[in-house]
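What you see is a predicted model, and the numbers here were worked out from it, not measured in a lab.
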Amino acid sequence: MAKTALITGVTGQDGAYLSRLLLEKGYKVYGLVRRSSHFGVNDHRLRWLGIEREVEYIDGNLTDLSCLIRAVRETKPDEVYNLAAQSFVKSSWEQPILTGNVTGIGAVNVLEAVRIEAPQARFYQASSSEMYGLIQEPLQSETTPFYPRSPYAAAKLYAHWMTVNYRESFGMHTTSGILFNHESPLRGLEFVTRKVTDAVARIKLGKLDVLEMGNLDAKRDWGHARDYVEAMWLMLQQDTPDDYVVATGRTTTVRDMINIAFAHVGLNPDDYIRINPAFLRPAEVDVLLGDAGKAREKLGWTATTSLEDMITEMVEADLARHKG
């Protein structure tokens with residue numbers, strides 16, 4: 001019998017790549033979709049991958065427990081992936097209550113719906129490297145203490161520990177993937193890598209003159225979302241639920257990431273970059289560097305896409321978009 005998966009955040013970057021992966025494995029995929037007045041906006045990432053007609057959509061919202069209970073009851077999932085969140089760190093300072101309600105309590109609403117309607121289902125929570133914040137160890141693993149530095153990170157930490165709590169309190173198969181930054185051509189324009197690759201494409205095509213940036217010295221461990229969703233799936237194939245760091249083990253400054261993007265189109269970034277203090281975070285996360293040794297050992301997973309290849313792919317995709 002084919003397995004059934006329910007994905008919240010199905011129209012996001014990770015939701016789209018995960019949907020394609022599960023469909024290729026023969027799953028029936030249901031996606032929870034928040035209602036929008038803009039027709040066609042929600043599924044553009046799924047359309048980009050050519051799978052928009054293969055996913056079955058269910059209206060719902062993480063803040064409404066009743067609709068989540070109905071969604072789980074109707075789909076009878078074998079696996080539930082909670083990828084939905086207010087996931088833009090900068091906006092979390094401007095909307096801290098919304099972020100807490102959606103990213104934090106929303107995850108618990110999904111957990112509760114699964115506990116009530118499908119306690120045998122396997123549950124995945126999208127935790128975040130932002131939970132490490134003011135890092136307590138130079139290399140962050142599953143045992144590194146957390147120190148969140150934004151409302152987003154604090155909300156993710158609540159969702160993370162509640163996932164552990166449901167596992168230990170109710171014996172549910174609940175797992176958290178502590179994913180470090182992962183990008184792709186499907187990344188939202190508000191995120192720094194896609195902001196850069198989109199701007200580089202427009203500058204190369206003569207459609208933009210200046211790229212305004214914030215802190216160029218922040219360091220991140222960047223991987224490709226296509227690789228990381230495979231780790232999510234592998235986690236739920238394990239007999240025992242657990243928590244796993246998913247990362248490349250390489251950290252790079254924003255400045256060096258920018259240099260890679262501009263070098264691909266033969267331009268000097270110094271001619272186009274301007275620092276705008278408005279893009280600085282109230283509390284910065286200076287460096288993140290993940291230790292994915294547990295994922296390598298227990299899941300057999302490793303990142304396969306280099307930062308250079310990923311940024312090149314993103315720049316090429318944005319060039320094609322703007323030419324079109």
Cut-off 3.5 Å, no hydrogens considered: what does the side-chain donor-acceptor table look like for residues 260-274, sequence neighbours left out?
residue : atom : partner : partner atom : Å
His264  : NE2  : Glu316  : OE2          : 2.6
Asn268  : OD1  : Asp270  : N            : 3.0

Among residues two or more places apart or on two chains, list those pairs meeting side chain to side chain donor-acceptor pair (under 3.5 Å) that have a residue in residues 103-116.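 Sorted pair list: Glu112-Arg115, Glu112-Tyr166.
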By the side chain to side chain donor-acceptor pair (under 3.5 Å) test, which pairs, at least two apart or in different chains, include something from residues 48-59?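 Sorted result for residues 48-59: Lys28-Glu56.
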N/O donor-acceptor pair under 3.5 Å between [X] side chain and [Y] backbone:
{"X": "His173", "Y": "Gln238", "result": "yes"}
{"X": "Thr8", "Y": "Ala84", "result": "yes"}
{"X": "Thr197", "Y": "Val315", "result": "no"}
{"X": "Asp227", "Y": "Thr304", "result": "yes"}
{"X": "Arg149", "Y": "Leu134", "result": "no"}

Report the residues that fulfil salt bridge (charged side-chain N to carboxylate O under 4.0 Å, His left out) with [X], sequence neighbours left out, ordered by chain and then residue number.
{"X": "Asp243", "result": "Arg167"}
{"X": "Glu230", "result": "none"}
{"X": "Lys90", "result": "Glu94"}

Can you find a side-chain donor-acceptor pair between [X] and [Y] that sits under 3.5 Å?
{"X": "Ser184", "Y": "Gln13", "value": "yes"}
{"X": "Glu183", "Y": "Thr193", "value": "yes"}
{"X": "Gln140", "Y": "Asp291", "value": "no"}
{"X": "Glu313", "Y": "His224", "value": "yes"}
{"X": "His322", "Y": "Asp198", "value": "yes"}
{"X": "Gln125", "Y": "Ser176", "value": "no"}
{"X": "Thr63", "Y": "Asn101", "value": "no"}

Should Leu83 and Leu68 be regarded as members of a common hydrophobic cluster, given that ILVMFWY residues are connected when their side-chain heavy atoms come within less than 4.5 Å of each other, either directly or indirectly?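 No, separate clusters.
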Should Met257 and Met213 be regarded as members of a common hydrophobic cluster, given that ILVMFWY residues are connected when their side-chain heavy atoms come within less than 4.5 Å of each other, either directly or indirectly?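 Met257 and Met213: one cluster.
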Arg187 to Phe191, cation-pi by 6.0 Å centre distance and 45° axis angle: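 Yes; both conditions hold, so Arg187 lies above the ring face of Phe191.
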Tell me whether the guanidinium CZ or amine NZ of Lys294 lies under 6.0 angstrom from the six-membered ring centre of Tyr244 and within 45° of its axis.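 Yes, a cation-pi geometry holds between Lys294 and Tyr244.
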Using links of under 4.5 Å between side-chain heavy atoms of ILVMFWY residues, direct or through other members, which residues join [X] in one cluster?
{"X": "Val285", "value": "Met131, Tyr132, Ile135, Phe146, Leu157, Trp161, Val164, Ile178, Phe180, Val245, Val287, Leu288"}
{"X": "Ile116", "value": "Leu65, Ile69"}
{"X": "Leu139", "value": "Leu289"}
{"X": "Leu98", "value": "Val102"}

Using side-chain hydrogen bond (donor to acceptor under 3.5 Å, both in side chains) as the criterion, list what pairs up with Arg70, not counting sequence neighbours.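 Partners of Arg70 by the side-chain hydrogen bond (donor to acceptor under 3.5 Å, both in side chains) criterion come out as none, since no residue qualifies.
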Residue among Asn181, Thr252, Thr248 satisfying side chain to side chain donor-acceptor pair (under 3.5 Å) with Asp221: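 Output: one option passes, namely Thr248.
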Show your reasoning for whether side-chain contact (heavy atoms from CB on, under 4.5 Å) applies to Glu130 and Lys156. CA-CA 8 Å; Glu130 288 285 332; Lys156 278 290 188 182; over 6 Å; no
Heavy atoms, side chains only, cut-off 4.5 Å: are Phe123 and Met172 in contact?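 They are not in side-chain contact.
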Set of side-chain contact (heavy atoms from CB on, under 4.5 Å) partners for Arg255, sequence neighbours left out: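 Arg255 satisfies side-chain contact (heavy atoms from CB on, under 4.5 Å) with Leu216, Asp217, Thr253, Asn259 only.
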Is Glu190 paired with Lys195 through a side-chain N to carboxylate O contact shorter than 4.0 Å?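 Here Lys195 does not pair with Glu190 in a salt bridge, since their nearest N and O are not under 4.0 Å apart.
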Around atom OH of Tyr147, are there more than 12 heavy atoms from other residues, nucleotides or ligands closer than 6.0 Å?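 No, OH of Tyr147 has 12 or fewer neighbouring heavy atoms, counting only those of other groups under 6.0 Å.
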